[in-house]
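Below is one structure, written out as structure tokens; the observations come after it.
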Amino acid sequence: MGAVAATLRLVGDAILFAGTNSDGRRPSHPFKSMLEGVRKVVNLDTVLDSPLPRSYTKFVGRWLLHLVETVRQVGAFALISLGVMVTRWNRAKTVIHPLIANQIAWSGIGQLPIVTFLACALGFAVIGQTVALLNRVGAQDLIGTVMVTVVVRELGPIITAGVVLLRVGTATVIELGTARASGEVEALEALGIDPVHYLVVPRMIGMATAVVCLSAYLIVGTLFSGYMFAFLQDVPLVPGEYFKQVVLALRWEDFVLLTLKGVMFGLIIATVTCFHGLARPIQLTEVSVVATRALLTSLILCVLVDAAFLLVYLLM
Amino acid sequence: MTATAARIELRGADIASAENLEKAVVVDVDWAVHIGEFWVISGSTWSGKSRLLETAAGLTPPLRGTHLLFGQPLAKVPADIAAALRRRVGLVFPDGGRLFPRLTVAQNIGLPICYHRECTLDDAAPRVEQLLAETGLAAYANWPPMGLNRSYRQRIALARALAMEPEVLLLDNPFSGLDVGHFAWWLEFLGALLSGHPLLGGTQVSVVVATDDVRPWRSAANRFATIKDSRWAVLDATSETGPTSNPRFS
């Protein structure tokens, strides 16, 4: 520990040395104090011995305020987009409907191979092992409840949202960010085409539909593949008993909440990625930064919504 | 000519900067575009020509002053009427026209028709083919626009702007990056639009060109204006104060 601290202190001194002027004098006050701060942070002993520095709380506070502001802006963008979706529902059907179909094909059908792979992996990692373990401890009666709680309520929707976010959300924010940076949005406006109607609404409908459908597909696939892996481990559980337990553990609320969750996740991913891609003029060089920010915001919002649904499940 | 209502009119308008929407890039613009007029607006790079055209097209409101389209104040009419008025003004962007790279040439031109007239691309095909033929693009209908050079992309942008049969055509630096061989075609085509092209049912289109080089436009245009030091000035196109001798032309 002492060697590490000494090394870090050396790095701090090197940074301080780099901050001196050519004549060897120390830099002006703000820069000097910043470098002093760096040395204090770099010095591990100081960090370990001192109470939580005020700068940390300020950093966390600033980050939280920034998150709240982003959520507020995304919320406003979502309301505008939903307003456009409702008021222009029947407008320009010949243009918008094919865009929706394309979006569903890309976000949904296009992701079937990776979702199939994940269903197999999840079945092996979660169900195969859980079924084997529950059998070993003689708790076979809980298999259905565990499956529904883990796969149907939690892992199915959130993993599907993750797939759509990574594979479709990333591409969406890059595509829209590039379109914004190259002036395509202004070109749409000049042609009298509402950019929200043309670019955002099809993505919202497409991604919401895709997450719901892929969640169902992932869940069914996971339950089947999980039983296959359990079967390969010679677990004495007949298929009829396994699926009977799963069906008995399911309640009608599960279907409603699963659909709602999928819709929410899809809307969040579509809204956040479209917001970051379109909401403000950007340069081409900023597209990668905006994409990263969009992914992080989407992830945080999906987890927060998932936590809210957890409360609903607990109240059920 | 001035007895009829102006198609575009800006009165005491300050034009907002693209970088800072609260800052004026051109101040105190008094300008009216009438039928049969071919305006050339000159100015150096970053002088605010593009912002002036975007404001004139109704994409950005002026910071101050009044903006009328076809005699109606754009800020005071309901949104749907404002949108309908804006559709009567076509805007061609510079440097390749900001085309949609994922659509083909024909789809680029057909998009505004299909969107506003609620028809499929097949229904819009006759009109799209007519536009393609008149702009010399018939052979490239199914090409991606980025597969063509900038001179042809600019023509696609022109055809796309004409798809909605505008009564005013605003062109932002249309010769930027164009092969010299295309200049003559543009001048002839815009002249035909000004006098009533069959493509638009003989309607006389008012043309406004923003440019940093006024020389190619001297013989084609009949009205001139310039932006210098954020100031708007309409120039007389007589031989004495016209673009050849007027020092206010940059």
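Proteins get letters first, then strands, A, B, ... in listed order; numbering begins at 1 in each.
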Distance-only donor-acceptor check, side chains B:Arg155 and B:Thr135, under 3.5 Å:
no

Are A:Arg180 and A:Glu186 ion-paired here, with the side-chain N under 4.0 Å from a carboxylate O?
yes

Interface check, chain B: of A:Pro98, A:Gly192, A:Ala179, most non-hydrogen pairs under 4.5 Å belong to A:Gly192

Just checking heavy atoms, which of residues 111-122 of chain B are less than 4.5 Å from chain A?
B:Leu111, B:Pro112, B:Cys114, B:Tyr115, B:His116, B:Glu118, B:Cys119, B:Thr120

Ring centroid separation for B:Tyr152 and B:Trp143, is it under 6.0 angstrom?
no

If only atom types and distance count, is the side chain of A:Thr273 paired as donor or acceptor with the main-chain N or O of A:Ala270 below 3.5 Å?
yes

Take a 6.0 Å sphere around CH2 of A:Trp89 and say whether it holds more than 12 heavy atoms from other residues, nucleotides or ligands.
no

Using modelled atom types only, decide if a donor and an acceptor are shared between the side chain of A:Glu286 and the backbone of A:Gln283 within a distance under 3.5 Å.
yes

Using a cut-off of under 4.5 Å on heavy-atom pairs, state which of A:Ile193, A:Leu188, A:Ile96 scores highest against chain B.
A:Ile193

Between B:Arg127 and B:Glu165, does any NZ, NE, NH1 or NH2 come within less than 4.0 Å of an OD or OE carboxylate oxygen?
yes

Just wondering, are more than 12 heavy atoms of other shown residues or ligands nearer than 6.0 Å to CD in A:Glu69?
yes

Quick check: under 4.5 Å, non-hydrogen atoms only, which of residues 92-103 of chain B neighbour chain A?
B:Phe93, B:Arg98, B:Leu99, B:Phe100, B:Pro101, B:Arg102, B:Leu103

Identify, with sequence neighbours excluded, every residue that meets salt bridge (Lys or Arg N to Asp or Glu O under 4.0 Å) alongside A:Arg62.
none

Which residues share a side chain to side chain donor-acceptor pair (under 3.5 Å) with A:Thr94, sequence neighbours left out:
none

